[in-house]
Amino acid sequence: MTAVTLCFDDYHYQINRDRYGSIRAKVMKIVGGVKIKTTEVSVTEWSQAVAAALVQVSSRNTEMRTALSKFILG
């Protein structure tokens, strides 16, 4: 089995392929470092959720970069 897990704050996204080629995708809700819920989703839903999480992270990083530039440059 091959698996990839992407961790973003309160959600972890896992996709794996078993030795027969079947692909399974899961979304896990994490609270305080403890997995409280696992939901199996379609690969399409998984990829859309990962894309949305990446947009959020890049948005936050852009905001942080802008704030830091203003602080340093005045």
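Numbers for residues simply follow the sequence, beginning at 1.
Checked against side-chain contact (heavy atoms from CB on, under 4.5 Å), Thr44 has the following partners two or more places apart in sequence or in another chain: Ser42, Gln48. With sequence neighbours left out, the salt bridge (Lys or Arg N to Asp or Glu O under 4.0 Å) criterion links Glu40 to Arg24. Applying the side-chain contact (heavy atoms from CB on, under 4.5 Å) test to Tyr11 and every residue at least two apart in sequence or in another chain returns Tyr13, Val27, Lys29. Listed by chain and residue number, nothing satisfies the side-chain hydrogen bond (donor to acceptor under 3.5 Å, both in side chains) test with Ser47 (two or more places apart in sequence, or in another chain).
Distance check, rounded to the nearest 0.5 Å: OG1 of Thr2 to CD1 of Ile23 gives 10.0 Å. Taken to the nearest 0.5 Å, the NZ atom of Lys26 stands 9.5 Å off from the OG1 atom of Thr5. Separating the CD atom in Gln14 from the CG atom in Leu6 is a distance of 9.5 Å, to the nearest 0.5 Å.
Nearest heavy-atom pair across Asn16 and Ala3 is CB-CB, 3.6 Å.
Sorted by first then second residue, the salt bridge (Lys or Arg N to Asp or Glu O under 4.0 Å) pairs that include residues 42-59, not counting sequence neighbours, number zero.
Counting Ile, Leu, Val, Met, Phe, Trp and Tyr side chains that sit under 4.5 Å apart, directly or through other members, Ile30 shares a hydrophobic cluster with Met28.
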